[in-house]
Amino acid sequence: MSERRRKPPARRHGRPRGTTTTPRTHWLLLSVLAVTLSSALLLQGYTHHMFGITSDAVSGARGRSEAVPSEVTHGGPVIANAATSPHTARVKDRTLALTFDDGPDPVWTPRILDVLRRNHVHATFFVVGTQAVAHPELVRRIVAEGHQIGIHTFTHPDLSHLAPWQRALELRETQLALAGTAGVTSALLRPPYSSGSAALDDSDWSVLEQADAAGYVTVLSTRDAEDWRRPGTDRILARATPRGHAGQIVLMHDGGGDRSQTVAALGALVPRLKAQGFRFATVGTAVGMAEPVQPAGPADRLQGMAFVSVLQAGDWVVTLLGVLMYAAGAISTLRAAVLLIAARRHRRLRTRRRGRSWGPPVTEPVSVIVPAYNESAGIEAAVRSLLASDHPVEIIVVDDGSTDGTADLVESLHLPVRVIRQSNSGKPAALNAGLAAATFDLVVMVDGDTVFEPDTVRTIVQPFADARVGAVSGNAKVVNRGGLLGRWQHIEYVVGFNLDRRLFDLAECMPTVPGAVGAFRRRALLALGGVSDVTLAEDTDLTMALCRAGWRVVYEEGAVAWTEAPASLNALWRQRYRWCYGTLQAMWKHRGALVQRGAAGKLGRRGLVYLLLFQVLLPLLAPVVDIFALYGLLFLDPLRITGLWLAFLLLQLLMGLYAFRLDGERPGPLWSLPLQQFVYRQLMYLVVIQSVFTAVSGARLRWQRMERYGSLRAPAGSAPLQQPAPHDTTQWY
């Protein structure tokens, strides 16, 4: 891509150049959104995946029970005042309190409620908070039909294995779920994996003491139907039937799995026990306690509704992110397949074409235009490389008001180079000045930080043998590849830019001829009015304009040019920010191509759509997908998430190997590809986000400047370079 001046020129053509700074408030907004999303995902992950409903048998062996009072061990199943003066309560004779854990379940809870309603029986439901949030209508139905409701924690953990703060969180979250879904609070607690009083150990007792301090009455059971084992209807019926006339609290389940056996057993149990003289009641009524379920206060109701809304939104977000992640993966895989197929086909076509060429060899001289602003560090190498071309060239250096003696340096070389001096007006103006001064119809534009191979000019102009060709993109390569940043940009140039150009060439929708190495028909450019300065990506704007004018733009991978890439993250950010923002400007300017026919339509419906999907929308979604991937590593299946990432990395590596082979590059730098995914890729995503916000806000990006490092060298066989005096090494950016 091309470089640009570091300061804005004066007003020209009645249009003011932008001078406003880039907006910064959006980064605060994005940070808030990222923190909010991360918090919501952490909450959703904790509440849905840290624990969960499992078989009651998982609690394992019990420990010592020295701290459990004997009156509790030998007392009733309802325990109050555990932290102060514990006492228990038993169920009245010939009374059964049916209790159901682990719901509400969308399938089995309604069926159990139907059985209870047909038999005019009330029961007590100990609900799991996550289930209550997922099915609030069932919580409301339980309360509306006169059943009692209690809490069974929010995520169904074994409370004895949790820290005190986690226990408190589990209880508070469940109360908020009740308040938010049904507008009630409950003082009844049944800890998960509990059974009868005699089974309590010291860890369990610490849970009951903490629950009592929070205002809860613990409800255990006296008969376990063991329906969680799914032993069959007859076995459940036998386990739930009391022996004798003593009152019982019967433990059953309306959630946590297939409860068809429970429903069938319940339908037989209630009529049978009623016939035997038993009555059914809620836990509170069965032990004669004051009503444990009360309407929630306004504050609890509002907090509960907000809590439920946040969790429901979190569920929706996780579902959406999962869809987006798989969609992004599918799109990326499809893109990779299309790029590889296109690259292979492009290579075959070019291999066949070499036998018959584009037509008669193009031997006419070429005007080479080198716009330069403060390019003293590399201009000599660039000029000498052009003079070493094996094709006749006219070299025109347009000095755009440099302050580092660029023009003086070129003139001091005493080489056959025309130097044009102008006041600082920007790269488009410099290119237009070069076009006006050019002698020949074929022109090559090259940045002052770029070195050509001896055959580059000859190679890049051969496609002009086809009269339909209006511009040719060359193959830009990174010369300063040392260090990770240099390697990553080298990979991007070879794998990203060049594979894309092969696809664009086949699809006849090339959107950009890079400023580093591009050839044009001068008359085609003059017919467009020259190089426009209304966008920051004048090369993209110019290429799209040529396509819309009916000219074909092709890619010639054999025309190699070596260019300096940014050597710091800050410089890279500024460069890519300008590229991306300028591309967005050009896409918007040429959006009319979407509805045109012919070459313009190909650009619009192929090139612009491709750019929108893969260079704008996909990068905008990528950070969210990355956040979800971290969520998956923490709360879902880390092996599956890691496997997906490794598969994506393998796909990238295969693309890289093939692209490097096509470009004749050694694959050594590809070892840094995994690291590129964690640093470089994220930076490019942020660049797109910044560019989109800048464009949407209507702000105008100011010209930046970039350091030059003097890493360019003239090709072998050219005259030796002079040592330039130290100058300011900034130029267009």
Side-chain angles (χ1 to χ4, degrees), residues 1-2 350 353-354 357-371 382-383 385-398 427-428 430-432 434-477 497-498 501-502 504-505 508 510-528 530-531 537-547 549-563 599:
M1 301 287 285
S2 61
R350 287 303 169 85
R353 183 181 292 276
R354 286 193 185 99
S357 183
W358 291 88
V362 177
T363 58
E364 62 186 272
V366 174
S367 296
V368 181
I369 303 172
V370 186
V383 168
S385 75
L386 294 172
L387 289 172
S389 297
D390 59 9
H391 191 92
V393 295
E394 168 194 44
I395 302 174
I396 304 171
V397 175
V398 183
K427 184 175 181 181
L431 290 172
N432 286 329
L435 282 174
T439 304
F440 307 108
D441 185 54
L442 297 184
V443 295
V444 171
M445 296 179 183
V446 54
D447 288 338
D449 62 338
T450 303
V451 167
F452 275 17
E453 297 283 353
D455 64 347
T456 299
V457 174
R458 173 174 52 81
T459 304
I460 202 171
V461 299
Q462 294 311 307
F464 289 115
D466 186 337
R468 299 172 301 167
V469 175
V472 183
S473 168
N475 185 351
K477 292 179 176 291
F497 299 160
N498 289 343
R501 289 191 182 108
R502 287 181 168 89
F504 291 141
D505 192 0
E508 299 183 11
M510 186 78 67
T512 304
V513 172
V517 53
F520 303 86
R521 292 191 190 273
R522 180 171 176 269
R523 55 187 171 89
L525 300 186
L526 294 179
L528 295 174
V531 182
E538 74 289 326
D539 45 10
T540 300
D541 185 5
L542 181 62
T543 307
M544 290 183 178
L546 284 170
C547 289
W551 291 100
R552 186 178 175 192
V553 181
V554 301
Y555 173 54
E556 178 49 69
E557 68 271 19
V560 176
W562 299 90
T563 186

**OP:** Kindly give the heavy-atom pair with the smallest separation between Trp551 and Ala467, and that separation in Å.
**Re:** CZ3-O, 3.4 Å
**OP:** In sequence, state the C-alpha distance, the side-chain angles, and the governing distance for Val370 and Val383, and then conclude on side-chain contact (heavy atoms from CB on, under 4.5 Å).
**Re:** CA-CA 8 Å; Val370 186; Val383 168; 5.6 Å; no
Subject >> From Thr540, Asp539, Thr543, residue fulfilling side-chain hydrogen bond (donor to acceptor under 3.5 Å, both in side chains) relative to Thr512 >> reply: Thr540
Subject >> Leu431 and Ile369: CA distance, side-chain angles, deciding distance, side-chain contact (heavy atoms from CB on, under 4.5 Å) verdict >> reply: CA-CA 7 Å; Leu431 290 172; Ile369 303 172; 4.2 Å; yes
Original post:
If every non-hydrogen atom of Ser385 is compared with every non-hydrogen atom of Val451, which pair is closest and at what distance?
Top reply: CB-CG1, 3.4 Å
**OP:** Using atom types as modelled and distance alone, determine if a side-chain donor or acceptor of Arg502 lies under 3.5 Å from a backbone N or O of Glu557.
**Re:** no
Original post:
CG/Leu526 to CG/Asn432 distance, rounded to the nearest 0.5 angstrom?
Top reply: 8.5 Å
Subject >> Approximate separation, where rounding is to 0.5 Å, of Phe504 CZ and Ser473 OG >> reply: 10.5 Å
**OP:** Go through the steps for Asn475 and Arg501 under the test side-chain contact (heavy atoms from CB on, under 4.5 Å), then give the verdict.
**Re:** CA-CA 9 Å; Asn475 185 351; Arg501 289 191 182 108; 5.9 Å; no
Original post:
Which atom names give the shortest non-hydrogen contact between Phe520 and Ala471, and what distance separates them?
Top reply: CD2-CB, 3.6 Å
Subject >> Shortest non-hydrogen separation from Ala388 to Pro454 and the atoms involved >> reply: O-CB, 3.7 Å
**OP:** Please report the shortest heavy-atom distance between Ala561 and Ala516, naming the atom on each side.
**Re:** CB-O, 4.4 Å
Can you give each donor-acceptor pair under 3.5 Å made by side-chain atoms of residues 434-446, sequence neighbours left out, with the distance rounded to 0.1 Å?
| residue | atom | partner | partner atom | Å |
| --- | --- | --- | --- | --- |
| Thr439 | OG1 | Glu394 | OE1 | 3.4 |
| Thr439 | OG1 | Glu394 | OE2 | 2.7 |
| Asp441 | OD1 | Arg523 | N | 3.2 |

**OP:** Quick one: pull up CG in Leu386 and OG1 in Thr450 and give me the separation to the nearest 0.5 Å.
**Re:** 9.5 Å
Original post:
Looking at Ser389 and Val457, what are the two nearest heavy atoms and their distance?
Top reply: OG-CG2, 3.7 Å
Original post:
Heavy atoms, side chains only, cut-off 4.5 Å: are Val554 and Met510 in contact?
Top reply: no
**OP:** Quick one: pull up CZ in Arg552 and CG in Leu546 and give me the separation to the nearest 0.5 Å.
**Re:** 14.0 Å
Original post:
Who passes side-chain contact (heavy atoms from CB on, under 4.5 Å) against Ala599, sequence neighbours left out?
Top reply: none
Original post:
Are any non-hydrogen side-chain atoms of Thr563 and Asp447 less than 4.5 angstrom apart?
Top reply: no
Original post:
Can you list the residues that meet the side-chain contact (heavy atoms from CB on, under 4.5 Å) rule with Ala559, with sequence neighbours excluded?
Top reply: Thr456, Thr459, Ile460, Glu556
Original post:
Is a donor on one side and an acceptor on the other found under 3.5 Å between the side chain of Asp466 and the backbone of Arg468?
Top reply: yes
Original post:
From Leu387 CG over to Ile395 CD1, what is the distance, rounded to the nearest 0.5 angstrom?
Top reply: 3.5 Å
